[in-house]
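For reference, the structure discussed in these notes is given below.
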Amino acid sequence: MRFRAAVALAIMITLTPAAPASAEEAPVPPAPTGSPAAPAPEETGSPAPGTGGTPAPEETGARPPQPKLEEGLAADADGARVIVEVSAPAETAPVAGEARTLPETEVVLQAPETSFIVVEATGESLAALAADPRVVSVRRDRAYSPAALASLASGLRVIGADKAHAAGVTGEGQTIAIIDTGIDPDHPALGGKVVRQACFSSTDDGSQSLCPNGLTEDVSADAETPACVHDGANLCDHGTHVAGIAHAVAPGADIIALQVFSRTTDCWEGETACLTAYESSLLRALDHVAELRDTVPGLVAVNLSLGGGMSDGACDAVPELQAMRDRVEALRAKGVAVVAAAGNEGYAGAGAPGCFSGAVTVGATGDDDHVPHWSNHGPLLDLFAPGLEIDSAVPGGGTRVYSGTSMSTPHVTGAFALLAQKDADDAPDTLLRRLGDSGRPVSYGGVRTPRIDLNAAVNGGAPAPETTAPGPEEGPGEGPGEGTAPDDPSAPAPDPSAGPEPAPAPEDTPAPADPDPVPLPTVTVTVTVTAAPAAAPAVCTRGTARRTLTAAQWATEMTRGRGGLPDGTLACYLRLAGKASTVFSEVTRASTLGTAYRVLKPAKRTERAVLESELLAAWLNWAHGAVNLTAGAGEAGTVKAVLASAEKRRLAGSPGPAPASALRKHVNTRRPS
């Protein structure tokens, strides 16, 4: 059996490639934050809108027991890549040995000193593993993507970093960790401050390690390794860009570089090489930072300009995210702030890890303190920082301009280093409160989020006067304001118009040509980072259509030369659907025009096939801008609730006719939005 790595989720992109996605609500795992996505599981609540850190939710006792096998995996006959969590590191070897005896099962990763292994197997074998008393949980090994940058010099002045530096506060004696696509440690803009490195990069049939030694682990996170280069461009420039920003804010602080991405050719439409960060690699990197904290007392913050999934409230209770949430809390308890990008979907929320109440979640502003329409926003965010058109370092000694919450996040990571230099004994929550209390309040849509002001935080003084940004709009581009969209080299720009009214596809319409081999369905949520062209990259964001299309009409659009929307626009919409949904392309492949056509117009109209067709059409209507997740849907409540119910039924392997009928009636009916 052969498995292919999935390229499904565009993580918020606080890394160089910032991928603006949507503007609504979305499912939580796996990722970033701000875009409507499939409905999220029950949340424990959202942090109060205001300044200061979001405290961890109160523990009322032991967590209720959760099923060991993630929903939907038992019914997966095609195979899935999963994390098998065991009760103790000593159990990994015997459990891995058992896994190797099961049919159609491959142990992809068995790292020493960890309490999990990564396995690829069919549902029957995964159910057998879950029955082992040494196994704590079996869940999909989701993937995460990077977020994006702005003018660095002007941004430093906006946040008062120049005045803090003039007062002698530069982050001296502090250390920050950057978990990303690796760093060019010799870049002159980093001043020789990269003092430690590590690489955790997954490999399997569909992915290639980005560690310089080509293995799953290395002591180097050099972003100039040959595997990072594609067609003369460096795919791994995001991490160096992020590091350049953090260093500009805190030039006295040391930097720890950690590479967690892998290279794959199993990409979205139009891409031949892209990057993916599996959750298993991210967990190993977080464990590594926790270990370093014991020997590096000045390690004050870790930067995560990446994310996956979408949540409109704290995601602490989501079962599939518990392992990551526990590591965030462990770092917080050790005095390390986990600073995460909110995401670039123009959504009132964030993806993981930004949706954890223990993370410091960061959105983007321009130099004028307006919130770009693509920045995620709302009460889940802790802080704003500059993220529009940031010029920072890229591998090879040069610089590039990027936009996105990926760029905002390292501004805040650097800010923690400055405050920790001045008050070394303060806990992360105390430093966060100081940043919030001293920041300039930005008000929009009934929410107030502070934009950091290091002059006030370090040197004292009253916060700058409150500023008001346009409130979030109900509809396409729900972000609070206007502005340039984040740069995402991997995402084509959508056509903002609805395009000609497509006619339903005739029954005998042949499936469009698909130049790429059709991979098996995957369970990995991935963020794709592609080679950046010399020209400014196009942006992937929601359309502004006013009318919905039926599944048959979307099938026509996916047929090359038949529809009215450009292929690049459709590829963008498929990317957005992949991030918002827990089904596409994590369980069912729908990332190219050909695979999407076959979902929308299945050869056999089984109950499962009909449900998947209506589900994909619904997410495409949302990406097209014609559907809002908060819109009413009769007795079902909202469109989000209809989608949540349908996706849950599909994942459980019990589709039935009712979910497809509800989607057709409340979402995909041919009518104005």
Side-chain angles (χ1 to χ4, degrees), residues 2-11 13 15-17 19 30-31 80-83 106-111 114 116-120 140-146 178-183 197-230 233-239 257-268 271-286 288 304-308 324 395 489-490 519 522-531 578 585-586 591:
R2 182 169 180 265
F3 296 88
R4 298 285 301 272
V7 176
L9 190 188
I11 55 189
I13 283 205
L15 302 185
T16 62
R81 176 181 173 124
V82 301
I83 294 175
E106 178 184 355
V107 177
V108 176
L109 176 68
Q110 181 186 340
T114 62
F116 65 84
I117 59 175
V118 177
V119 169
E120 289 179 335
R140 293 178 172 89
D141 189 6
R142 292 171 169 80
Y144 294 76
S145 64
I178 295 176
I179 298 178
D180 213 292
T181 63
I183 294 175
Q197 303 180 51
C199 178
F200 304 98
S201 184
S202 286
T203 61
D204 58 25
D205 274 355
S207 61
Q208 175 185 2
S209 171
L210 290 174
C211 294
N213 63 3
L215 303 178
T216 59
E217 184 172 347
D218 197 358
V219 295
S220 171
D222 193 344
E224 291 194 288
T225 180
C228 282
V229 179
H230 177 69
N234 192 304
L235 301 175
C236 305
D237 61 351
H238 191 273
L258 295 105
Q259 158 71 273
V260 294
F261 283 81
S262 301
R263 174 171 173 163
T264 178
T265 57
D266 191 3
C267 306
W268 291 99
E271 298 171 353
T272 56
C274 45
L275 304 188
T276 283
Y278 288 106
E279 179 186 345
S280 51
S281 299
L282 187 52
L283 295 180
R284 296 178 70 194
L286 291 170
H288 186 70
L304 290 161
S305 287
L306 49 75
M324 190 183 303
S490 66
T522 66
V523 288
T524 307
V525 181
T526 344
V527 185
T528 64
V529 182
T530 55
S585 290
E586 195 171 329
S591 55

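When atom types are taken as modelled, the side chain of Gln197 and the backbone of Ser220 share no donor-acceptor pair closer than 3.5 angstrom. Looking only at distances, a side-chain donor or acceptor of Ser201 sits under 3.5 Å from a matching main-chain atom of Phe261. In this structure, the side chain of Ser209 does not engage the main chain of Thr203 through any donor-acceptor pair within 3.5 Å.
Under the side-chain hydrogen bond (donor to acceptor under 3.5 Å, both in side chains) criterion, Gln208 pairs with no residue, sequence neighbours left out. With sequence neighbours left out, Gln110 forms a side-chain hydrogen bond (donor to acceptor under 3.5 Å, both in side chains) with Arg100. Every residue meeting the side-chain hydrogen bond (donor to acceptor under 3.5 Å, both in side chains) condition with Ser280, not counting sequence neighbours, appears here in chain and number order: Asp141.
Of the inter-residue distances, the one linking Ile179 atom CD1 with Leu304 atom CG reads 4.5 Å to the nearest 0.5 angstrom. In this structure, SG on Cys199 lies 8.5 Å from CD on Glu217, to the nearest 0.5 angstrom.
No side-chain heavy atom of Tyr278 sits under 4.5 Å from any side-chain heavy atom of Arg284. Inter-residue side-chain proximity for Leu210 and Leu235 is flagged as unmet; no heavy-atom pair is nearer than 4.5 Å. Considering only heavy atoms from C-beta on, Leu109 stays 4.5 Å or farther from Thr114 through its side chain.
Taking each heavy atom of Val119 and Ile117 in turn, the nearest pair found is CG2-CD1, 3.7 Å. Listed here is the closest heavy atom pair of Gly239 and Ile178: O-CG2, 4.5 Å. Of all the heavy atoms in Cys228 and Arg263, the pair that sits closest is C-NH1, 4.5 Å.
Using a 3.5 Å distance cut-off with no hydrogens or angles, the side chains of Ser202 and Ser281 do pair a donor with an acceptor.
Just one of Asp222, Thr181, Val229, Ile183 meets the side chain to side chain contact (heavy atoms under 4.5 Å, CB included) condition when paired with Cys236; it is Thr181.
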